[in-house]
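Structure, as structure tokens:
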2 protein chains.
Amino acid sequence: MNKEELKNLINEAGLRVTLHRLRVLSAVAKAKKPITVYELTELLRKKENIDQATIYRNLSSLHLAGILRRSDLNHGHSHYELETGKATHQIICNKCEIIERIEGVSTDNAILKMVQKSKKFKNVITHSVEIFGVCKSCN
Amino acid sequence: MNKEELKNLINEAGLRVTLHRLRVLSAVAKAKKPITVYELTELLRKKENIDQATIYRNLSSLHLAGILRRSDLNHGHSHYELETGKATHQIICNKCEIIERIEGVSTDNAILKMVQKSKKFKNVITHSVEIFGVCKSCN
DNA sequence: TTGCATGCAAATTTTTTGCAGCCAG
DNA sequence: CTGGCTGCAAAAAATTTGCATGCAA
């Protein structure tokens, strides 16, 4: 996704297209994997001089706008990635926290059934399948 | 699960059966849903005078021992519950954080396929399906 | 007796907030 | 111009750690 497309995403969400917001979003998009706030801070605060509060606030507004997906992976801090609208299927190492994405296996039917069974929810936004284990390298 | 069974769990994991460890585990078991550290602290520190460090250390050791399952639900803090060995399927409200468990729909086949596709993992420990939305009450 | 477990206090890590000034629309 | 955005600093929330003492096995 290029700068122009990212700008449009922000714009269409009704948010202001500021330099910093665009930089935060670009950095997440460029990562092509769930990136931690710490990693973003390394990239943006140090190299582009963006305050950490601004990073957090932008991650939050972009998340609320449905542009970013947030996921906590049982390691005490959150990860952000572009919201594709599709489910994410990932395997996470409990030791080194490496994340492997798995494509090509759908769980949509099962999810649909679950939502139909639900008493408290009528429709849902998204879902993720998180598989936990210990990776070959750590073993 | 009664006290005796919980004791056995701890024992078989090779951990010492201390009064506090048993109380922490009992409180989680009694909750019958993923409980936050904050809720546990309310129960245990105030009523039974257990230090928060002890609560955290016990949650951690019980988790490492495979007795407790930890899950972060994108709200910035973790939840603990008894590890059943079975996958958890839950729908979480992005606003009020209410959790609804869904039983009776299996995703095991899909998970198996995913692990087979994986390059970095040979076998895995557990998995969870988390569906996010906004519940009827919040809507 | 021996080493894991605990309390206490302090430190770390992660995230949020108040407020004055700045800038996109 | 005006309200959202930002930096700065401080606070709050979540979790971890050091060390002396306690207690399970």
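Sequence lines set the chain letters: A, B, ... in the order given, protein chains first and strands last, and positions in each chain run from 1.
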Base, sugar-phosphate, or nothing: which does [X] touch, judged by heavy atoms less than 4.0 Å apart?
X: A:Asn11; result: nothing
X: A:Ser78; result: sugar-phosphate
X: B:Asn49; result: sugar-phosphate

If I take atom [atom1] in residue [X] and atom [atom2] in nucleotide [N], what distance separates them, rounded to the nearest angstrom?
X: B:Asp51; N: C:dA10; atom1: CG; atom2: P; result: 13 Å
X: B:Glu48; N: C:dT6; atom1: CD; atom2: P; result: 13 Å
X: B:Leu22; N: D:dA25; atom1: CG; atom2: P; result: 11 Å
X: B:Leu19; N: D:dC23; atom1: CG; atom2: P; result: 11 Å
X: A:Asn74; N: D:dT15; atom1: CG; atom2: P; result: 11 Å
X: A:Gln52; N: D:dC5; atom1: CD; atom2: P; result: 19 Å
X: B:Arg45; N: D:dA14; atom1: CZ; atom2: C1'; result: 12 Å
X: B:Asn58; N: D:dA24; atom1: CG; atom2: P; result: 13 Å

Answer yes or no: side-chain N or O of B:Arg57 and base N or O of C:dG7 forming a donor-acceptor pair under 3.5 Å.
-> yes
Is any side-chain nitrogen or oxygen of [X] closer than 4.0 Å to OP1 or OP2 of [N]?
X: B:His20; N: C:dG7; value: yes
X: B:Thr18; N: D:dA24; value: no
X: A:Ser60; N: C:dT15; value: no
X: B:Tyr56; N: D:dT15; value: yes

| field | Whichever of B:Gly76 and B:Thr54 has its nearest DNA chain C nucleotide further upstream toward 5' | value |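 The residue mapped nearer the 5' terminus is B:Thr54.
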So that I can tick it off, tell me whether A:Glu100 and A:Lys33 are bridged by a salt bridge, with the cut-off set at under 4.0 angstrom between side-chain N and carboxylate O. no
Check this for me: does any side-chain nitrogen of one of B:Arg101 and B:Glu81 sit under 4.0 Å from a carboxylate oxygen of the other?
yes
Side chains of [X] and [Y]: donor-acceptor distance under 3.5 Å anywhere?
X: A:Arg69; Y: A:Thr88; value: yes
X: A:Thr36; Y: A:His75; value: no
X: A:Asn58; Y: A:Arg21; value: yes

Of B:Val37 and B:Val17, the one whose closest nucleotide on DNA chain D sits nearer the 5' end is B:Val37
Among [options], which nucleotide sits nearest the side chain of [X]?
X: A:His77; options: D:dT15, D:dG7, C:dT14; value: C:dT14
X: B:Leu15; options: D:dA25, C:dA5, D:dT17; value: C:dA5
X: A:Arg16; options: D:dT2, D:dT15, C:dC8; value: D:dT2

Separation between NZ (A:Lys95) and CD (A:Glu97), nearest 0.5 Å, reads 14.5 Å
